[in-house]
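Letters go in sequence order (proteins before strands), and every chain restarts at 1. What you are looking at is a predicted structure, and each value in this text was computed from that prediction instead of being measured. Keep in mind that the numbers below use all heavy atoms, side chains included, and drop hydrogens, waters and symmetry copies.
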Amino acid sequence: MMTDSKYSLALRITHWLMAVLLAFMLVSGLLMIRSLEGWQLNVLGLHKAIGFVVLGLFCLRVVFKFTHPANRALHNELGWKNKVADSVHGLMYVLMAGMPVTGLLSQYFASRPVSIFGLFSFPAAEQSNIILYSMARELHGLLAAGLIALILLHLGGVMYHQFIKQDNTLKRMI
Amino acid sequence: MRLFHMIYLSMLLPAGYVFSAEQVTAQQFVNLQQGNTSVAGFRRAHAKGACVTGYFEPNGQLSALTQVPIFALGTAPFIGRFSIAGNNPTAPDLKSPVRSLAVSFNISPTQQWRIAMNTPPVMAVSNPHDFYQQIVAIQSGPQALKAFFNAHPETQDFLNWKASYTPAQSLALERYHSINAFYLENSQGEKRAVRWYFEPLGHPMGPTSDTDNALFDELSARLLKGPVKFNWVFILSEETDDENDPALRWPENREHVVAGKIVIEQIDMGLNAQCQSINYDPLTLPSGVTATADPILRARSAAYAESYRRRAKEKLLEVLQ
């Protein structure tokens, strides 16, 4: 059966790479807005640069998702459960795109160029706009909280499939 | 499952560490600075200030040390802000022990330089946790502050400066110091730790009033008569100097390089003037200037960001209402 087969290698790689990078992004974000320690500046720089990498991977991932027919959920559940799974996945995609975009916009409106590993920089607004900065910055924080919640739901779904349903959902992604 | 555990742990452990550690956080620091009387929409520290605009006119003397283009010939416009210490945007000017000047160079869309300077040439202490305790002591009164200084011998250079300092009659006549050291880097990749200060070039204009806005009124009146000028002077470190300790003064005989003139032409006291939107985080640096490991310098980004985020949110809510 087509839908029982593994996800494509490209999708599996981007999934796990993004899992690790998103964990780094959320942890580094929570740490760097609180810490007064010397490493804060380095983590801040990494957070911005890796955020850009995540945005690139996200774009690739969307392409893989829709170009390969095997990259579909099993949908072996009752209607409402499938809908919940689809909604969580859909929202995760929205937030994975929304996080880097609001992050970049907050820096743009605060007139702070974002350097990507010193290779190149995103330009910043010539004049800071504190209102637009605040909109982007507060959204960035709210989306982060939403993404953490969705990741927990996603992990809950994995546990459910693995231990209760005992199907091959997890295997398809490994 | 092992992988999931690892992801879980990597997400939760460091966050737990942050919430439980005894280190001072940016939020605690800004809470302390704003106290119970912060005013919505204003900076949590240095709340009272006025925007100025002007330009820097380099003399080329520093261009061998750094690739920052503003030190090559030509002029570089900036948006600056004079301010006094404290969380009160209407505080009486002459009561504040510290006066400040910040400048922002918009060098190009991808190169910004924010500089925040104060009247003292050094910090009293060497790290943000002691700085926090120093502010606690200041808020607790003269006795607590005296006890704090006694318990911290590294405050000696600061206390020596304090004993010799007489506040100027004008914001235009103060010397403003970078305090923290930075590295300059040239196109050959050579690095040199430096501090800098703005050296006033003006003259007294007679007695100042003693009103709450004495200093800002004086500055406005002075600017009506002509620009306010400073020399931008760099102090070059030697091998033996510790660039990572902001409480330690470097010896007097270090080489000083005048890089050019800062010319301030206009002042805008308006609460919505352009500089009020700027976060003068001194770690916003262009290529050719990098941060030292100075723990107080390194602590500034997170603290400035927290203060900026709070007042920005208040301004946003004001607009939405």
Side-chain angles (χ1 to χ4, degrees), chain A residues 16 19-20 22-45 106-115 118 120-138 140-141 148 151-152 155 158-159 162-163 170 173-174, chain B residues 1 3-4 6-8 10-15 17-19 23-29 79 104 106 108-112 114 127-129 132 274-279 281 283-284 286-287 291 293-303 305-306 308-309 311-317 319:
Chain A
W16 289 109
V20 172
L22 287 181
F24 169 81
M25 291 304 289
L26 291 167
V27 171
S28 61
L30 288 172
L31 289 176
M32 76 194 196
I33 61 170
R34 288 181 173 76
S35 178
L36 297 176
E37 299 309 303
W39 48 259
Q40 192 272 353
L41 187 63
N42 307 63
V43 171
L44 178 69
S106 73
Q107 298 306 289
Y108 177 82
F109 291 122
S111 280
R112 289 183 71 141
V114 172
S115 168
F120 66 95
S121 295
F122 276 93
E126 196 177 324
Q127 299 201 328
S128 309
N129 185 322
I130 197 166
I131 305 288
L132 293 175
Y133 156 80
S134 185
M135 286 174 76
R137 177 64 187 85
E138 296 309 321
H140 194 63
I148 291 172
I151 289 172
L152 294 176
L155 293 176
V158 174
M159 305 266 187
Q162 187 69 11
F163 298 116
L170 180 58
M173 194 47 99
I174 294 175
Chain B
M1 280 315 293
L3 187 60
F4 287 119
M6 280 167 61
I7 293 171
Y8 251 139
S10 70
M11 283 175 68
L12 298 176
L13 275 184
Y17 164 77
V18 163
F19 296 120
Q23 296 162 330
V24 175
T25 64
Q27 287 67 33
Q28 290 168 324
F29 208 99
I79 298 173
S104 170
N106 175 20
S108 79
T110 56
Q111 300 281 326
Q112 293 275 334
R114 309 270 157 77
N127 69 66
H129 308 293
Y132 183 90
Q274 183 53 34
C275 83
Q276 309 295 6
S277 266
I278 298 176
N279 171 8
D281 174 356
L283 292 160
T284 309
S287 306
D294 171 349
I296 290 190
L297 177 62
R298 294 277 176 147
R300 288 171 84 165
S301 241
E306 177 65 19
Y308 190 54
R309 185 181 178 185
R311 70 188 176 95
K313 192 174 174 183
E314 289 157 357
K315 282 192 175 278
L316 173 64
L317 292 175
V319 168

Segment of [X] engaging chain B (4.5 angstrom heavy-atom cut-off):
X	result
Gln40(A)	side chain
Leu44(A)	side chain
Phe120(A)	neither

Given 3.5 Å as the limit, does a donor-acceptor pair link the side chain of [X] with the main chain of [Y], or not?
X	Y	value
Ser111(A)	Ser128(A)	yes
Ser28(A)	Val43(A)	no
Ser134(A)	Ile131(A)	no

Just checking, is any N or O donor in the side chain of His140(A) or Gln107(A) under 3.5 Å from an acceptor N or O on the other one?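 His140(A) vs Gln107(A): no donor-acceptor pair found between side chains.
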
Asn42(A) versus Arg298(B), side-chain donor and acceptor atoms under 3.5 Å: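 Their side chains do contain a donor-acceptor pair, which is all the 3.5 Å distance test asks for.
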
Is the Tyr308(B) to Tyr133(A) ring centre distance short of 6.0 Å?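 That pair passes the under 6.0 Å test.
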
Output the option from Pro113(A), Gly141(A), Ala125(A), Ser115(A) having the highest count of non-hydrogen pairs under 4.5 Å with chain B.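 Highest number of heavy-atom pairs under 4.5 Å: Pro113(A).
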
Against chain B, work out which of Met135(A), Glu37(A), Met32(A) has the most heavy-atom pairs shorter than 4.5 Å and name it.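 Highest number of pairs under 4.5 Å: Glu37(A).
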
Under a 4.5 Å heavy-atom cutoff, which of Leu297(B), Asn127(B), Ile278(B), Ile79(B) has the most pairs with chain A?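 It is Ile278(B).
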
Which answer fits [X], side chain, backbone, both or neither, if we ask what part of it has an atom under 4.5 Å from a heavy atom of chain A?
X	value
Gln111(B)	backbone
Pro295(B)	backbone
Ala303(B)	both
Arg300(B)	neither
Gln274(B)	side chain

Side chains of Gln23(B) and Leu36(A) in contact at under 4.5 Å (non-hydrogen atoms):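 SC-SC contact between Gln23(B) and Leu36(A) ruled out.
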
Please determine whether a side-chain nitrogen of the Lys or Arg among Glu138(A) and Arg309(B) lies less than 4.0 Å from a carboxylate oxygen of the Asp or Glu.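 So Glu138(A) pairs with Arg309(B) through a salt bridge.
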
